[in-house]
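Residue numbers start at 1 and run along the sequence shown. Just so you know, ligand 1 is whichever comes first in the structure, and atom 1 is the first atom listed for that ligand.
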Amino acid sequence: MGKAWHQNSETETLLAHKTNIEKGLSDTEVTALVLKHGDNRLHNFKRKSAFRILLSQFADLLVIILMIAAVISAFLGEPEDTIAIIAIVILNALLGFIQEYRAERSMEALKALSTPIAKVKRMGKFIEIPTYQIVPGDIVALEAGQFIPADLRILKSTQLGVDESSLTGESNTINKTTEAIPHESLPIADQKNMAFKGTMVTSGNAIGIVVSTGMNTELGKIANLLKEEVEVNTPLQNKMARFAKLLTIVVIGICIVIFATGFFRGEDPVLMFMTALSLAVAGIPEALPAVITVTLALGARAMGRNNSLVRKLPAVESLGAVTYICTDKTGTLTQNRMEVQNFSLDGKTLCTIPEVISPNTSWDYILKNLALNNNVSFDENQKALGEPTEIALAQAAIEVDFDRLNLENELPRIAELPFSSDRGMMTTIHRSKSSHLILSKGAPEKLFPLCKTWLNKDKGESFSADSQASAIESMAAKGYRILALAYNELPLSTTEISIEHAETDLVFLGLVALMDPPRSEAKEAVRLSKSAGIHVVMITGDHPATAKSIAKDLNIITSDTDLVMTGQELSKITDIELKKIIHNIKVYARVAPEQKIYIVKALQSSGEIVAMTGDGVNDAPALRSADVGVSMGKGGTDVAREASHIILLDDNFATIVLAIKEGRRIYDNIRKFVRFALSGNSGEVLTLFLAPFLGLPIPLLPIHILWINLVTDGFPGIALGTELAEKNIMERPPRSPKESLFARGLWQHTVWVGFLTAGLTLGIVAWAKNQGIEHWQTMGFTVLTLTQLGHVMAIRSESLSLFTLGIRTNKALWITVLMTFIVHLAVLYLPAMNKVFKTSPLSFFELALCVVVSSPVFISVEIEKWFQRNI
Ligand code: ATP
């Protein structure tokens, strides 16, 4: 066996893969390598097969008993009955199957959309590709916050720190190196020149060559041992499952009573048994938890189409209850399309880059700084890849012919002290013919303490750091993002420049101001949030004055009582003091990512439901603790995405507000569905339960019960789930998170509508019997069916009248209602159907009477809504 990859030198590894660091692989090489190695995916996830989903529909105990009972009764009575019942049960199962299958597949499609991206060198350029397209031999760039996409041998490392706990179980950061390690068999944790798939970069950056992909990686070898992420149920799903269990017991109790009373009154015991069983199947809301899942999953899919990708289903539910949105500024509220506006070299006047730049002047160093102190690269279409701040700086330099690629021959980079939000600055070290050039840029507060020389090199004027303060304030108040620039030159004889000392005794060069305009849609989204009772708070790493200016622009800050708090102030304040003013703080500026979790917790302990955005590695804990953690699809890191509940594909604040609206709509629709299903069930159960006490025979046959459950309740019920958002959905306050699904009159509605339905059905049965009409049962069946149709139309909104909602807003519902009515007419008037359903044709007068008798349900629900609206 040859050497292990960690024993090979960088050059040996490159040679073994017939590639080099400048060029990377060519397209033809990639095609061959894909054929040889397959794609870079782990194949351990099992998808639920369609057959398994179908089978699970029949796994319901009651359904099985019903099928068996139907078969037995076929031998005792009429086989048509049995066939009809079995057909209905199968149809029911199919309906369940279609719904669940759709939900499963939409969740899968959502997962597939969130595939991570990697920066890979192909044909001499870095390009971004989905990580599953990586092949052995690819040159990959790594940066902080990324999950390592394959097993790599590190070729270049800038203080690369990797958390390998997912593989080794040990959570301390491993600092990676590039030199070959001679020892033959080394545990993963000691292979310091290797980086492994699935582990994450916590700091620094690096370039590595892929040595294995997919199932051949260390992670792949243990993939079968990895547990699949268990999907957690949402609180609503759990509550519903518990409620369904309780209701099952109640319904079974009622069924026993119905069976017993019928039996003792001398009714046919077989018929009584079938009636009780059918009622149990129809009355038990076993499908409710499933319907909630389906509604949430389909809602998640709809959100995906609107640029918010749901990673965890419970988020859909929490979104509807959000009371606080804590959002980043850069890129989320602003366009992240930065542009250098001007400079200040002396802290007084603002200026732009001069046309002529003489060597060794301040401008010469400034432009070298802009050009060289960044990690921007260009893809084959000359599109700049990298951080927008750095792209803007690099671009400003390129415009006056200071291009990193040209300059790097003259001033090759020998080291980098990378940027992190905590450090707030970045330094690169370059070697020239005569000296070591140190270039630093960063937030003024971070850079100033490291500067020793305050001198306008060109004018020979010296000045103090304090004199810069007013320049910074006035630039920031205009909304500019400000960076300070500095440099240092050390003689070449200082062969060993220690990293710690590189950022000391710097020479201050000047300030650069960048403009990042607010997104045009952000202002409207802030207004919408406010009208929906949701507070918007900006949390940013930027300067407080810059943040305040943008916050004012967007109406996040509107009055003098609205406060801006800095990270420094936040670290000094006590919990009690913070709680007192927390509702006035609209902007947190110069906040370290670690402080975000503190803000989330403080808000949560004041009873708020918090949606929090984040994009960096250190944002992960806050994203996890927030009720809805929101990460960025474009600019964010893998780590933040992994920790979040939803991903904004367009990084846009307005999308969060849209998602909240969608969350509210989904919750509303779940309530509507539950309201409809439970009222329908209570109507049917009460009709059968009360009949004997009123001296009436069993008003419905088993097949009627099953039919109403499947067709009359089933299809319109599903169509209710597609109801659009109500007009006032973003004008009402968020629902209380403690609120039960049955709050705001839902259970009372279920009870009174149930009694009314049962009263009307039994009323027509009693009247018809009294009149000597033989088909009293058909009339009872018809009234019950029509009440359901009237009800579903009335509860399309909890408060708005049907006439305000209009016909066009839920076509699916109108179609299902119309179809159900037509099918019911077929059941009444087609002889073949009469035989199966034991119905007889009604006269026109009788049909009209049924319509009139069933209408009070519709009318009284409209009256209930009138009260809702007006009182
Ligand atoms: P937000 O949290 O709203 O996205 P932000 O992007 O401004 O805010 P950070 O990226 O943490 O927050 O930046 C904080 C500060 O660090 C900036 O105001 C800027 O002064 C400085 N800075 C940003 N990017 C760089 C960089 N690449 N190199 C050096 N300094 C930087």
Side-chain angles (χ1 to χ4, degrees), residues 143-145 158 205 325-338 340 369-370 372-376 384 386-395 416-428 439-448 450 468 472 475-476 479-486 503 506 511-516 518-519 522 536-551 554 556 564 566-568 587-596 599 612-619 622-623 630-632 634-637 640 648 651-653:
E143 53 191 56
T158 307
N205 52 52
I325 310 176
C326 299
T327 171
D328 279 340
K329 171 178 72 71
T330 312
T332 315
L333 288 169
T334 66
Q335 298 179 10
N336 221 1
R337 240 187 266 139
M338 293 200 214
V340 169
N369 196 329
L370 302 188
L372 290 165
N373 184 343
N374 65 61
N375 288 316
V376 176
E387 242 218 90
T389 308
E390 295 199 342
I391 293 177
L393 299 176
Q395 214 85 44
E416 175 193 340
L417 284 90
F419 170 77
S420 73
S421 288
D422 290 324
R423 276 173 29 84
M425 60 178 286
M426 163 172 172
T427 298
T428 51
L439 299 170
S440 294
K441 72 175 188 310
E445 311 91 285
K446 301 282 181 179
L447 207 67
F448 283 1
L450 309 174
Q468 298 297 308
I472 293 171
M475 284 158 105
Y480 289 137
R481 178 180 180 82
I482 299 152
L483 269 81
L485 306 169
E503 287 177 340
L506 300 175
L511 300 169
V512 51
L514 299 121
M515 194 51 178
D516 180 16
R519 286 175 180 268
V536 180
V537 166
M538 178 196 284
I539 302 183
T540 175
D542 218 335
H543 192 280
T546 310
K548 187 173 179 177
S549 157
I550 305 261
L554 293 172
I556 293 176
V564 177
T566 64
Q568 216 177 12
V587 173
Y588 296 86
R590 286 288 191 238
V591 167
E594 295 76 18
Q595 291 182 305
K596 282 187 171 182
I599 300 171
M612 162 79 79
T613 70
D615 46 17
V617 191
N618 305 339
D619 290 335
L623 290 175
V630 184
S631 64
M632 303 300 151
K634 279 190 184 166
T637 58
L648 299 184
D651 296 12
N652 187 348
F653 174 76

**Student:** Answer yes or no for M538: is there a heavy-atom contact with ligand 1 below 4.0 Å?
**Tutor:**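 Flag not set, M538 not near ligand 1.
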**Student:** Of the protein's non-hydrogen atoms, which lies at the shortest distance from atom 28 (N) of ligand 1, and what is that distance?
**Tutor:** K441 NZ, 3.2 Å
**Student:** Tell me which part of E390 gets within contact of ligand 1: side chain, backbone, both or neither, using heavy atoms under 4.0 Å.
**Tutor:** side chain
**Student:** Just checking, any donor-acceptor pair under 3.5 angstrom between side chains of E416 and T428?
**Tutor:**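 The answer is no; no qualifying pair exists.
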**Student:** Answer yes or no: is there an ion pair linking R481 with D542, defined by an N-O contact shorter than 4.0 Å?
**Tutor:**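 Yes.
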**Student:** Provide, to 0.1 Å, the distance between atom 4 (O) of ligand 1 and the closest protein heavy atom, together with that atom's residue and name.
**Tutor:** T330 CB, 3.5 Å
**Student:** Among all protein heavy atoms in this structure, tell me which lies nearest to atom 11 (O) of ligand 1, with the distance rounded to 0.1 Å.
**Tutor:** S421 OG, 2.9 Å
**Student:** Any idea which part of D542 is under 4.0 Å from ligand 1, heavy-atom wise: side chain, backbone, both or neither?
**Tutor:** both
**Student:** Is D516 salt-bridged to R337, going by a charged N under 4.0 Å from an acidic O?
**Tutor:**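 Between R337 and D516 there is no salt bridge, as every charged N stays at least 4.0 Å from the carboxylate O atoms.
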**Student:** Check contact between I482 and ligand 1, using heavy atoms of the residue and a distance below 4.0 angstrom.
**Tutor:**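 So I482 counts as touching ligand 1.
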**Student:** Does one side chain, of N336 or D651, offer a donor that lies under 3.5 Å from an acceptor on the other?
**Tutor:** no
**Student:** For ligand 1, which atoms have a heavy atom of G442 less than 4.0 angstrom away?
**Tutor:**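 Result: 29 (C), 30 (N).
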**Student:** Looking at every non-hydrogen atom in both residues, tell me the closest pair between D328 and G614 and how far apart they are.
**Tutor:**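 Heavy atoms of D328 and G614 come nearest at OD2-CA, 3.9 Å.
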**Student:** Please check whether D615 reaches ligand 1 - meaning an N/O of the residue sits under 3.5 Å from an N/O of the ligand, judged on distance alone.
**Tutor:**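 Among all N and O atoms of D615, none is under 3.5 Å from an N or O of ligand 1.
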**Student:** What is the closest protein heavy atom to atom 16 (O) of ligand 1, and at what distance does it sit?
**Tutor:** F419 CE1, 3.5 Å
**Student:** Considering only protein heavy atoms, which is closest to atom 19 (C) of ligand 1, and at what distance to one decimal place?
**Tutor:**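 Answer, as residue, atom name and distance: L483 CD1, 3.9 Å.
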**Student:** How many angstroms lie between CG in L370 and CG in L439, if you round to the nearest 0.5 Å?
**Tutor:**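 Output value for this atom pair is 9.5 Å.
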**Student:** Tell me which part of R590 gets within contact of ligand 1: side chain, backbone, both or neither, using heavy atoms under 4.0 Å.
**Tutor:** side chain
**Student:** So is G541 polar-close to ligand 1, meaning N/O to N/O under 3.5 Å?
**Tutor:** yes
**Student:** Could you tell me which residues satisfy salt bridge (charged side-chain N to carboxylate O under 4.0 Å, His left out) with E445, sequence neighbours excluded, listed by chain and number?
**Tutor:**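 Testing E445 for salt bridge (charged side-chain N to carboxylate O under 4.0 Å, His left out), a comparison that skips the adjacent residues, returns R590.
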**Student:** Quick one: does E390's side chain have a donor or acceptor within less than 3.5 Å of a partner on E387's backbone?
**Tutor:** no
**Student:** Taking N or O atoms only and a 3.5 Å limit, does K329 qualify as a polar contact for ligand 1?
**Tutor:** yes
**Student:** Are R423 and E503 close enough for a salt bridge, meaning some N to O gap below 4.0 Å?
**Tutor:**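 Yes, charged N to carboxylate O under 4.0 Å.
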**Student:** With a 4.0 Å cut-off, would you call K634 and D615 a salt bridge?
**Tutor:**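 Between D615 and K634 there is no salt bridge, as every charged N stays at least 4.0 Å from the carboxylate O atoms.
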**Student:** Nearest to atom 23 (C) of ligand 1, what protein heavy atom do you find, and at what distance?
**Tutor:**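 Of every protein heavy atom, R481 NH2, 3.4 Å lies nearest to atom 23 (C) of ligand 1.
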